[in-house]
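Worksheet: the structure to be examined is printed underneath.
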Amino acid sequence: MRIRRILDTLGLWFAALVLVSPAILFFLWMISLSLKFEVDNAAYPPILIPERFAWKNYTGVFESNRFGLFFINSLIVTGAATGLALLIGVPAGYGIARMRATKAAVVVLIARMTPGLSYLIPLFLLFQWLGLMGTLVPQIIAHLVITVPIVIWIMIGYFETTPLELEEAAVIDGAGRWEVFRHVALPIAKPGITVAFILAVIFSWNNFVFGVVLAGRETRTLPVAVYNMLSFEQLSWGPLAAAAIIVTLPVLVLTIVAQRQIVAGLTAGAVKGG
Amino acid sequence: MSTLLDEHVTTVATAAPPKGVGRRNSYWPFVVPAVVVVGSVIVFPWVFTVWMSLHEWTVGGARTFAGLANYMRLGSDERFIASIGHTLLYTFLAVVLPLIFGTLAALLFNARLPLRGILRGLFVMPMMATPVAIALVWTMMFHPQLGVLNYLLSLIGIGPQEWVFSPRTVIPSLVLVETWQWTPLVMLIVLGGLAALPTEPYESAAIDGASAFQRFRYITLPMIAPFLMVAVIIRTIDALKSFDIIYAITQGGPGTASETINLYLYSVAFAYYDIGYGSAIAVVFFALVIALSLLMLHLRQRTKWTELQGGA
């Protein structure tokens with residue numbers, strides 16, 4: 001019986017490994033591409049581990065000063081869009097959960113279903129009319145389309161499960177609506193806020209479509225910058241793969257560090273941006 | 001697990017009126033900033049798009065009221081009609097394949113297995129990675145001469161494929177990327193369903209001598225059906241809206257072989273700057289997404305209902 005159980009476990013583990021292998025092999029290949037000289041990247045049959053590593057692919061990306069600019073653009077857009085979304089969305093999630101406002105939840109749901117591009121025609125015209133093109137403001141505002149619904153949705157779910165008794169006790173002690181929120185509800189909701197924060201950061205950082213339409217030469221975020229590299233450097237795979245890794249690395253690190261929160265947030269809200 | 005997709009709506013609707021904590025209206029101040037923002041960046045674009053779709057309007061050109069002319073034009077626009085076909089094929093494949101693999105993965109990750117946490121973490125990574133960065137590497141892998149995929153195929157005796165460079169294989173190739181990326185989301189949703197399963201039915205099935213397949217078919221599958229429906233709904237919405245991967249890898253090509261409605265909408269609105277016509281496409285596209293979502297929410301209600309019937 002015992003051997004049977006060990007064999008079962010081994011079988012399961014093997015099956016799991018098969019399922020995980022496309023992800024592992026893909027990222028290994030991505031790293032391999034980024035560390036090879038052009039000669040090795042053009043070799044057939046392909047080489048997984050080269051004899052010489054082309055670290056210059058990475059240093060080349062960092063040395064181009066434009067990349068620094070695009071990195072800062074990405075930080076500003078994601079930072080501002082996430083910060084504003086938390087500022088607006090956490091109280092809103094609280095209010096909607098406590099008022100049991102069905103219709104508000106439906107609006108958030110439809111926002112989740114709407115294709116990102118269909119927001120862009122009116123917003124594009126609006127930003128042109130306001131003379132905001134050429135700054136980062138249009139992208140920050142457009143990213144709110146993704147981050148605000150994520151935050152509201154997760155916070156509604158979270159506040160619905162937090163106990164009302166503490167808040168009732170605070171009201172009896174004479175605390176105002178705002179004080180109850182600030183000193184009772186908010187501290188309890190910290191784990192929920194963390195989940196909302198992480199998901200908003202990831203989906204804003206990864207967003208591509210808003211940047212394609214709204215970003216100018218100086219206001220590109222990293223995903224747009226990397227895409228533009230693709231059209232200009234079709235054949236230099238090493239630097240391209242290195243840039244791709246640098247763009248997605250912050251998100252992957254966050255995924256590994258905060259795996260539990262992300263899994264909780266995604267299964268709860270099943271949200272995705274864009 | 002009380003918050004899957006529309007669960008908010010149903011729990012909110014069926015919940016008893018709040019007691020104790022004051023009047024409901026006193027929570028309005030918390031919601032006002034969000035109402036302003038959602039109103040201006042989400043609801044205003046919806047309304048304005050409908051208004052624009054009723055006009056003949058290109059960027060820099062004059063704007064004239066055109067009634068439903070833009071919508072009439074859609075009916076005879078062969079490129080638009082072809083894009084609907086591409087979208088439906090892409091969506092169908094990009095729902096079914098992740099559903100199958102995601103369910104299998106969930107069954108595996110639900111079993112007790114050493115290092116399960118690490119394996120699950122690795123499995124989830126494609127979903128969180130930046131789509132454009134991913135698309136770029138897939139483009140290199142699809143390369144007919146230098147790509148690693150054709151090399152891997154040659155190892156098992158299959159001849160070179162043209163992947164995204166042939167109109168015949170471009171959509172399945174793009175679906176391969178989409179499946180690779182989004183199978184983990186289906187896995188997570190179904191895993192949530194498996195975690196909530198009661199153990200009693202399995203115990204009695206074991207006494208009755210049911211096989212593993214029978215247990216899956218007659219106990220597990222009916223009980224996780226609502227979760228599968230949630231996965232189908234979410235996958236459908238996301239596959240219909242898919243943009244990053246298609247745009248970054250093929251831009252709708254070769255020719256227009258992988259041009260979905262979303263890609264065509266992009267070209268009309270932001271390459272040709274035909275705002276009025278683009279808005280009409282956006283409205284029809286939006287209607288299609290909502291219609292399919294409602295259809296499936298309706299089906300989901302029915303799954304719940306038949307489940308109750310079956311349980312009686």
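Below, read A as the first sequence line, B as the second, and so on, with proteins coming before strands; counting in each chain starts at 1.
Heavy-atom distances place the side chain of M52(B), and not its backbone, under 4.5 Å from chain A. With a 4.5 angstrom heavy-atom cutoff, L125(A) touches chain B only via side-chain atoms. In this structure, chain A has heavy atoms under 4.5 Å from both the backbone and the side chain of Y151(B). Contacts of I24(A) with chain B are made by side-chain atoms alone, with heavy-atom separations under 4.5 Å and no backbone atom involved. With a threshold of 4.5 angstrom between heavy atoms, L12(A) approaches chain B through its backbone and through its side chain. For W178(A), the parts lying under 4.5 angstrom from a heavy atom of chain B are both the backbone and the side chain. Heavy atoms closer than 4.5 Å to chain B are found in both the backbone and the side chain of V247(A). In this structure, the portion of L17(A) lying under 4.5 Å from any heavy atom of chain B is its side chain and not its backbone. With a threshold of 4.5 angstrom between heavy atoms, F243(B) approaches chain A through side-chain atoms but not through N, CA, C or O. Heavy-atom distances place both the backbone and the side chain of V107(A) under 4.5 Å from chain B. Contact of Q145(B) with chain A is made through the backbone alone, with heavy-atom distances under 4.5 Å.
Using a distance-only test at 3.5 Å, with no hydrogens or angles considered, no donor-acceptor pair links the side chain of N206(A) to the main chain of P131(B).
The OH atom of Y227(A) sits 11.0 Å away from the CG atom of D244(B) when rounded to the nearest 0.5 Å. The structure places CD1 of I261(B) at 12.0 Å from CG of L117(A), a figure rounded to the nearest 0.5 Å. Note: M128(B) CE to T248(A) OG1 = 10.0 Å, rounded to the nearest 0.5 Å.
Nearest heavy-atom pair, P115(A) versus N262(B), reported as atom, atom and distance to 0.1 Å: CB-OD1, 4.4 Å. Between V132(B) and P223(A), the shortest heavy-atom contact is CG1-O, 3.7 Å. Heavy atoms only, all atoms of each residue included: L19(A) and F101(B) are closest at CD2-O, 4.4 Å. Between V289(B) and M113(A) the shortest heavy-atom distance is CG1-O, 3.3 Å. Smallest separation of non-hydrogen atoms from L136(B) and A244(A): CD2-CB, 4.3 Å. Pairing each heavy atom of P91(A) with each of F30(B), the nearest pair is O-CB, 3.3 Å.
Between chain A and the options F123(B), F286(B), W46(B), heavy-atom pairs under 4.5 Å are most frequent for W46(B). Top candidate by heavy-atom pairs under 4.5 Å with chain A, chosen from V35(B), L240(B), I134(B), is I134(B). Ranked by heavy-atom pairs under 4.5 Å with chain B, the first of Q259(A), E165(A), Q128(A), R260(A) is Q259(A). With respect to chain B, the highest number of heavy-atom pairs below 4.5 Å among P46(A), P250(A), A85(A), G89(A) belongs to P46(A). With respect to chain B, the highest number of heavy-atom pairs below 4.5 Å among L144(A), T9(A), I245(A), L120(A) belongs to L120(A). Note on S118(A), A170(A), A23(A): by heavy-atom pairs under 4.5 Å with chain B, the leading option is A23(A). When each of S34(A), S21(A), A142(A), P45(A) is scored by its heavy-atom pairs under 4.5 Å with chain B, the top score falls to P45(A). With chain B as partner, the option from V251(A), T255(A), I121(A) having the largest number of non-hydrogen pairs under 4.5 angstrom is I121(A). Counting heavy-atom pairs closer than 4.5 Å to chain A, the top residue among R120(B), Q181(B), R112(B), M141(B) is R120(B). Highest contact tally toward chain A, considering only P33(B), P126(B), S154(B), is held by P126(B) [criterion: heavy-atom pairs under 4.5 Å]. Here A129(B) is the residue among A129(B), A269(B), S40(B), A248(B) with the most heavy-atom pairs under 4.5 Å with chain A.
For W180(B), the ring-ring contact (aromatic ring centres under 6.0 Å, His included) test picks out F26(A), F27(A), W138(B), with sequence neighbours left out. Listed by chain and number, the residues in a salt bridge (charged side-chain N to carboxylate O under 4.0 Å, His left out) with D40(A) amount to none (sequence neighbours excluded).
Between F181(A) and Y27(B), the closest side-chain pair of non-hydrogen atoms is not below 4.5 Å. Counting heavy atoms from C-beta on, the side chains of I42(B) and P149(A) come closer than 4.5 Å.
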(Q) Would F270(B) and V212(A) count as a side chain to side chain contact (heavy atoms under 4.5 Å, CB included) here? Give the steps. (A) CA-CA 10 Å; F270(B) 298 108; V212(A) 166; over 6 Å; no
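Under the 30°/60° scheme for interplanar angles, the aromatic rings of F208(A) and Y247(B) are found to be tilted.
The only option from V145(A), L126(A), V148(A) that meets the side chain to side chain contact (heavy atoms under 4.5 Å, CB included) definition with V41(B) turns out to be V145(A).
Environment of CH2 in W51(B): crowded, with over 12 heavy atoms of neighbouring residues, nucleotides or ligands closer than 6.0 Å.
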